[in-house]
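First the proteins, then the strands, lettered A, B, ... as listed; each starts at 1. Quick note: numbers below take in every heavy atom, side chains included, and nothing from hydrogens, waters or symmetry partners.
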There are 2 protein chains.
Amino acid sequence: MLKIRRVAIDTHPENTAFLLRSADGYGAEQFQAMRKIEITGNAGAILATLAISDDPHIVGVGEIGLGEQAFRRLGLAEGDSVSIAQAKLPRSLEAVRRKIGGDVLSDSEIAAIITDVAAYRYSPMEIGAFLVACAGFMTTQETLALTRAMADAGDRFDWHAPLVVDKHCIGGIPGNRTSMIVVPIVAAHGLIIPKTSSRAITSPSGTADTMEVLATVDLSAERMRAIVASEKAVLAWAGRMNLSPADDVLISVERPLRIDTFEQMVASILSKKLAAGSTHMVIDIPVGPTAKVRSQGEAVRLRKLFEYVAHKIGLTIDVILTDGTQPIGRGIGPVLEARDVMAVLRNDADAPDDLRERALLLAGRVLDFDPELQGGRGYARALDILASGKALAAMERLISAQGAQTETFRPGALRSEILAEEDGSVAAIDCHLIARIARLAGAPMDKGAGIDLLRKVGDQVRRGEPLYRIHAQSETGLRFACDLAAEGSGYRLLS
Amino acid sequence: MLKIRRVAIDTHPENTAFLLRSADGYGAEQFQAMRKIEITGNAGAILATLAISDDPHIVGVGEIGLGEQAFRRLGLAEGDSVSIAQAKLPRSLEAVRRKIGGDVLSDSEIAAIITDVAAYRYSPMEIGAFLVACAGFMTTQETLALTRAMADAGDRFDWHAPLVVDKHCIGGIPGNRTSMIVVPIVAAHGLIIPKTSSRAITSPSGTADTMEVLATVDLSAERMRAIVASEKAVLAWAGRMNLSPADDVLISVERPLRIDTFEQMVASILSKKLAAGSTHMVIDIPVGPTAKVRSQGEAVRLRKLFEYVAHKIGLTIDVILTDGTQPIGRGIGPVLEARDVMAVLRNDADAPDDLRERALLLAGRVLDFDPELQGGRGYARALDILASGKALAAMERLISAQGAQTETFRPGALRSEILAEEDGSVAAIDCHLIARIARLAGAPMDKGAGIDLLRKVGDQVRRGEPLYRIHAQSETGLRFACDLAAEGSGYRLLS
């Protein structure tokens, strides 16, 4: 039996445990050779990767150190007793090995894998192995089973209503913050739209990051239910909700490995929406040379997969292919995006047209789900709600219901403009590169960091005039972003 | 610029760096989101996984903590200054992604991947992705390119002789310690056999672990050359040699993922032997229901792959399919195996026959490479050398040249016998399970831990009589091993 010591080391997303190398008996190295140990206390057991310490100040004889993740997930107090053993590998790894070998897995095998993933029984290496094996090939039946298993692995919302709408963009387009316009429009119309969003993982901002500039997004399920009851809507961070927790674990490995298969994308999005209690959903697939989907042919294949799985799990969806050739709006990063969103909701004269039009298109298609609005009248209704100021009013009520942000965030004071190297018209903007530059500047954690686009595709620019402005809150962030922009601005000019 | 602090945490095989969460400026979490950072000092740069600390005793403001692996590989002193940046992903990861997508890689793409792997630029997750993608399918040309790239990535021995022999078993059979008998026989005959061996990673003992019971195995390349010059042979640990270092990195991920494809096995073995300067080699493929190769058909496929790649890289090989239906000899674990080996070399009456016969078979085939011994006279010559005591004398000279072990190891004093639950004759012994039990008992790190088999296939046993004895040096090890043996002894009896 060992006593728990909390070690103030964060090894997100993995559990890490620490043993002293020189402790007597069965040695730390004997455990480490197998990489994983099972730690059992009276509140249950967790698996953790073992690190060996030679410093008795970190972990002493008779103790086991637990990093932040392991400590939290085991759920015991410092000084409590636990026993350790070589980790028995999750049985479902046998199915992963069969998948690596080229087999098609059964629904129950996929369910077993996802249950173990959601319980943190897989290491990132093992998750990577599963994802890569699936990336090799995956049947539609496997994708369907994966979606169901992921939705089943967490909590579910039930809104007790026949029509609960949502919209979701597959991502990849910086500045594409339409949800924060669509949700108030739809709520003002009177449909239920409980929108949960993620924070950015590798992009410069997620809807939750941008909404947080204006209001609290870290809401309990109970608060969220109360807000939806009064406002028909919410714009909350999904992280607190335990919706499809396996998805969060899988994403933590997919992103660094840049695994972005259609099958994983469909299972990830639809499992979260199924768990969130949606019944009808618009899915936005931007198509462009630097977007996630690069051709119409690919887009059609993805749409069909969405439609197949959604149909089987009982979700009504409307998949829209949109223009993904450049960023949407001007601002990229939480503060700059929130500024654009509010300009559109306020009907400001200089609000970005493309953001406004994209939001109206999507809001219109969501409203088309309403049987009261027949014959494609959704767009006209959305336009009316936005232009009349009802959408702004709905957003203000939503902000007040969630709790207005008490801190005032401003665009980062450290700035640098990236200039055109020649005269010409903007032919293309690289979404992927612009996102990376904004990210390096510090977004989304530095809320004011990011990029303000001063020219969009089709604009004329003269040599020496600025293409965009980088905002940062730290010298380091500004330098990292400028260094990458110096390698290539992301703009292609035609003279 | 940050100052290095050494953190006494061992995260083998990965590099880990530690930053204080609350430090000012560009935050630790902003780096961590990308998981990997590049640390640059005046001796070069390394990549490391970032962990965040909240404890200023582990790492302070203005400091970066480096775990043991990162500290050693960066090669600077505590207090030296380094800069950090988001890690640029190795370019070769693009090729890995193409492989995941189903492409065949070119020789130069494979070489680039292996160069990056050998330089620790890949995380275990990324290595896993590469291995799983290769496990999906791999052409013979890719296997050949992988073998060459792995051999090229490290140092090479050149023995300046036309005939440098070796033998290698693909593993999986506990107690199969023939190398320690074959090497002295071949050396006594007069061929050059510079045998480098690995330590066990997930098995209960490697040849290096067992030889270490008798002699020093951790030899410098220079010492090794001197010993081969005088003794024609050596039995050294390969770990010091930097032969095919990428292989060591790949194996550290293959083993926990239990990826064991023929392509990886061939590339791993032949790259190490090519780098070790062998010209002629016998390869032992045990075939049995619990061995690595489970059928004759599989064995033939593996043999062909060995022959193809060996031919292309200029190695002459002789592949032998052997009986892999049960462990070889009686002892499993370093001390118990060394006891069996010495009994065979001494021609003791009770030396295990199967170990003796297997070693003679393999030694004979190695001696057949000698053009002086024509017409398959190798076996008779090997028998003569062993029976006459010349092999024992060669082994004693080798032990003395490498440096006799000063510590005396004995079989673990903590013992437990596993008993037959019914009368019958032993029909089968599960190699894989027996290896796991011996491993849990503490082998190979506890040299005296392991298993002594008291019955082999074909033996009669009565209910309550012992099948084997578990030896351990710690109560924990004995308990772990007995717990697993209680789930199933690994013996199948026929009544």
* Quick one: what part of B:Phe137 sits under 4.5 Å from any heavy atom of chain A, side chain, backbone, both or neither? -> neither
* Asked: Got a second to check how far A:Asp10's CG is from B:Leu19's CG, nearest 0.5 Å?
  -> 11.5 Å
* To do: With rounding to the nearest 0.5 Å, note down the distance linking CD in B:Gln86 to CG in A:Asp483.
  => 12.0 Å
* Quickly, which of A:Leu131, A:Thr261, A:Val132 forms a side-chain contact (heavy atoms from CB on, under 4.5 Å) with B:Ile100? Name it, please. => A:Val132
* **Options A:Met125, A:Glu126, A:Lys99, ranked by heavy-atom pairs under 4.5 Å with chain B, top entry** => A:Met125
* When rounded to the nearest 0.5 angstrom, what distance separates CG in B:Leu257 from CZ in A:Arg97? -> 8.0 Å
* Have a look at A:Ile9 and tell me which of B:Thr16, B:Asp54, B:Val59, B:Ile9 forms a side-chain contact (heavy atoms from CB on, under 4.5 Å) with it. => B:Ile9
* To do: Mind checking the CG-NE2 spacing from B:Asp55 to A:His57? Nearest 0.5 Å is all I need.
  => 11.0 Å
* **Cationic N near anionic O, under 4.0 Å, B:Glu94 to A:Arg258** => yes
* Asked: Is the number of heavy atoms from other residues, nucleotides or ligands within 6.0 Å of CZ (A:Arg91) greater than 12?
  -> no
* Asked: With a 4.5 angstrom heavy-atom cut-off, which part of B:Leu484 approaches chain A: side chain, backbone, both or neither?
  -> neither
* Asked: Tell me, side chain or backbone of B:Glu68 under 4.5 Å from chain A's heavy atoms, or both, or neither?
  -> side chain
* Do other residues, nucleotides or ligands put more than 12 heavy atoms under 6.0 Å from the CZ atom of B:Arg436? -> no
